[in-house]
Trainee: 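The structure is given below, and queries will be raised subsequently.
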Amino acid sequence: MQLVRVALDVPLDRCFDYRVPEGVSLTAADVGVRVRVPFGLKSRIGIVVDLPAASDVGDSQLKALEEVLRDTPPLPPDWFQLCQFCARYYQVPLGEVMLSTLPAGLRRIDPPKARTPRRTASAVETTTPPALTDEQAAALAAISADPGFSAYLLHGVTGSGKTEVYLRLVERVLAAGRQVLLMVPEINLTPQLEARVSARFPDAQLVSLHSELTEAARTRHWRAAFEGSARIVLGTRLAVFTPMPELGLIVVDEEHDASFKQQDGMRYSARDVAVFRARDRDIPIVLGSATPSLESWANATDTRTPARYRLISLTERAVQSARLPAVQRVDTRLEKLQDGLSDRLLKAISERLARREQSLVFLNRRGYAPVLTCTACGWISHCRRCAANLVLHLADGRLRCHHCGFEIRVPKACPTCGNQDILPFGRGTQRLEEVLSERFPYARILRVDRDSAKSRKQWEALVERIRGDEVDILVGTQMLAKGHDFPKLTLVGVLGADAALFAADWRAPERLFAQLMQVAGRAGRAELPGEVLIQTQYPEHPLYAALVRHDYAAFANAQLKEREQAGFPPYTFQAMLRAEAPQMADAIAYLASALAWDGAAEHPEVMLYDPVPMRLARRANMERAQLLIESPSRRALQVFLTAWRDHLAAIKAPSRLRWHLEVDPYEF
DNA sequence: AGCACGCCGACT
DNA sequence: GTCGGCGTGCTC
Ligand SMILES: [Zn+2]
Ligand SMILES: [Zn+2]
């Protein structure tokens, strides 16, 4: 009797053995094949991970597999390595990793029939490569000197020509008959890079992979990569799991971006997974950014430890028209503000209007106002399901919770006392848009945030309008900061940045600096110099001082010093155990039981903190708490977590309680 | 995680 | 009398 061991998408840390039915025979080459198996009362798709000679389960309990699915070749050994690494490192069952990273069409029993893709006979306009600067040439030479594993941190400001370096590397790798994986943080950024890459390599098939693709398209693209017909895969974080038999290079663009971190299910960092993959495949990986994550910066520059990444800096402008903007601080303690806007910023906007140039006012808070209040009784718009306020969205007349999606119509009077005088408190992009249209009644104003650009299509339409010079003043959130070049934009005003300086989240300054560098990069070029005005009450703050000098390294080194003194990552390794339940007491009790584990004594290098309610203590009617785990050794942390997991699973808790572990947590 | 089985409160 | 609440246990 032949047996197979199958990984299934169930939150159980083990695989399941099945009999191979009469007339079917599997060989070692079939490890990695997908199978349909009976599980409980239903059927599921699983992946064959082994052909064991015997099972721990008695013969009578073994069921026979139902079908061997041969619509794709067996998943390859290096893909197994990748999944096994994630299972170990992120403390997730192997089956969950394997199945959840597969396109839905390949993990479902009844995938909808794939329609033949419409032929998009896009007559790609080919481009010829520009000449490289000396720096770019040196970067290219350094990275392509060794076809084996090396991680390169490519640090270069806007206009320094990182993308051109990627393209030259891609060219060489394609010429060597290998495939390339290009990763970008957001779906919004795929079309423009896709256009640029296709134009350069019209003969190499490129496929995109991101969550907005239909199930059928995603499956098709995934297959093309796996079968090798696609030579270039361009995608968001989920693309890192695409099997690519001839992979020769990985590029992670904007490597610092938080979007590479998955925030639900298996909470992996696609950038870190990509580095593992490159090492495992023995190929180079390039991490590019104008503002690298502090983890990467430390990996590349800390001289006390052997460098894990090789730093390559692009300091010259390679794009002829590129020119860094003049960044200035507007001291809002001295200037009186009108609706949150300083005279200086208003005047700068007027000048741009007169010169028919574009301005951008950056405010990272969508909606009209963060809260609605009653002046008579003190009522405030509170979400009934979360420990958070409902945000006023005047554009569609609703109060909306940004955490759970709950929404109601804006009341005409106070719900508790009937007072008609209820007022918005604070400012979001919608209100800013309104204020600006009062000040500049003849200006064409466009708001760009997640509410006005819900999909990639809507976003592209807005970008068209901006580039088509149909807009004078842009109001927007960080959506606007990423990626796009707007040639007529010469002014960026920044509002409300100070909040991040003193936020409880110790990563806030790092994010703020990256965001401001990025948004500042939107302003100006050689023929139309740019200006950035940052409204702040703390103009002497070192973060702004570094920003004015465009000095990422100074900022990063200072931050790293602070992190080291405070004992924060990357100088320590962390994991977070979170629990949520209808009652906070249950969540805390679960974490307390987790903490009370005798086995912890055998892990002296691991430090456990007391359970505490999360900052957003209730979300969608679930009360949330967390427990921080810390160790100076990544290895010790992983060993501890692996041992701890059995104890965690055995803790008795109310059925409505949910818990999860996050390794290298990003949010606190 | 699902999903079934199973044993006690308030409905027709 | 039963509908359904969720506690408990299992999945090869
Ligand atoms: Zn009131
Ligand atoms: Zn809510």
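Lettering of chains follows the sequences in order, A, B, ..., and the numbering in each one begins at 1. All values below come from the heavy atoms of this structure, side chains included, with hydrogens, waters and symmetry mates left out.
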Trainee: Could you work out, with side chain to side chain donor-acceptor pair (under 3.5 Å) as the rule, every residue matching A:Glu407, not counting sequence neighbours?
Mentor: A:Arg398, A:Arg400
Trainee: Run the side chain to side chain contact (heavy atoms under 4.5 Å, CB included) test against A:Ala224 and tell me which residues pass, sequence neighbours left out.
Mentor: A:Gln205, A:Val207, A:Ser229, A:Ala230
Trainee: For A:Glu630, enumerate each residue passing the salt bridge (charged side-chain N to carboxylate O under 4.0 Å, His left out) test, keeping only those at least two apart in sequence or located in another chain.
Mentor: none
Trainee: Heavy atoms within less than 4.0 Å of DNA chain C: which residues of residues 83-101 of chain A have one? Give them sorted by number.
Mentor: none
Trainee: Expressed in angstrom and rounded to an integer, what is the separation of A:Asp264 atom CG from B:dA1 atom C1'?
Mentor: 15 Å
Trainee: Would you please name every residue forming a salt bridge (charged side-chain N to carboxylate O under 4.0 Å, His left out) with A:Arg366, sequence neighbours left out?
Mentor: A:Asp451
Trainee: What residues form a side chain to side chain donor-acceptor pair (under 3.5 Å) with A:Thr416, not counting sequence neighbours?
Mentor: none
Trainee: For A:Asp586, give me all partners under salt bridge (charged side-chain N to carboxylate O under 4.0 Å, His left out), at least two apart in sequence or on another chain.
Mentor: none
Trainee: By salt bridge (charged side-chain N to carboxylate O under 4.0 Å, His left out), which residues pair with A:Asp71, not counting sequence neighbours?
Mentor: A:Arg34, A:Arg223
Trainee: With sequence neighbours left out, what residues match A:Ser455 under side chain to side chain donor-acceptor pair (under 3.5 Å)?
Mentor: none
Trainee: Which nucleotides of nucleotides 7-12 of chain C have their base under 4.0 Å from a protein heavy atom (B), which only their sugar-phosphate (S), and which neither (-), written as one string 5' to 3'?
Mentor: -S--BB
Trainee: For A:Asp505, check side chain to side chain donor-acceptor pair (under 3.5 Å) against everything at least two apart and list the hits.
Mentor: A:Arg511
Trainee: Are there any protein N/O atoms within less than 3.5 Å of an N/O atom in nucleotides 3-6 of chain B, and if so, which ones and at what distance?
Mentor:
from, atom 1, to, atom 2, distance (Å)
B:dC3, OP1, A:Lys42, NZ, 2.7

Trainee: Using distance alone, with no hydrogens and no angle criterion, decide if A:Thr236 and A:Glu186 have a side-chain donor and acceptor under 3.5 Å apart.
Mentor: no
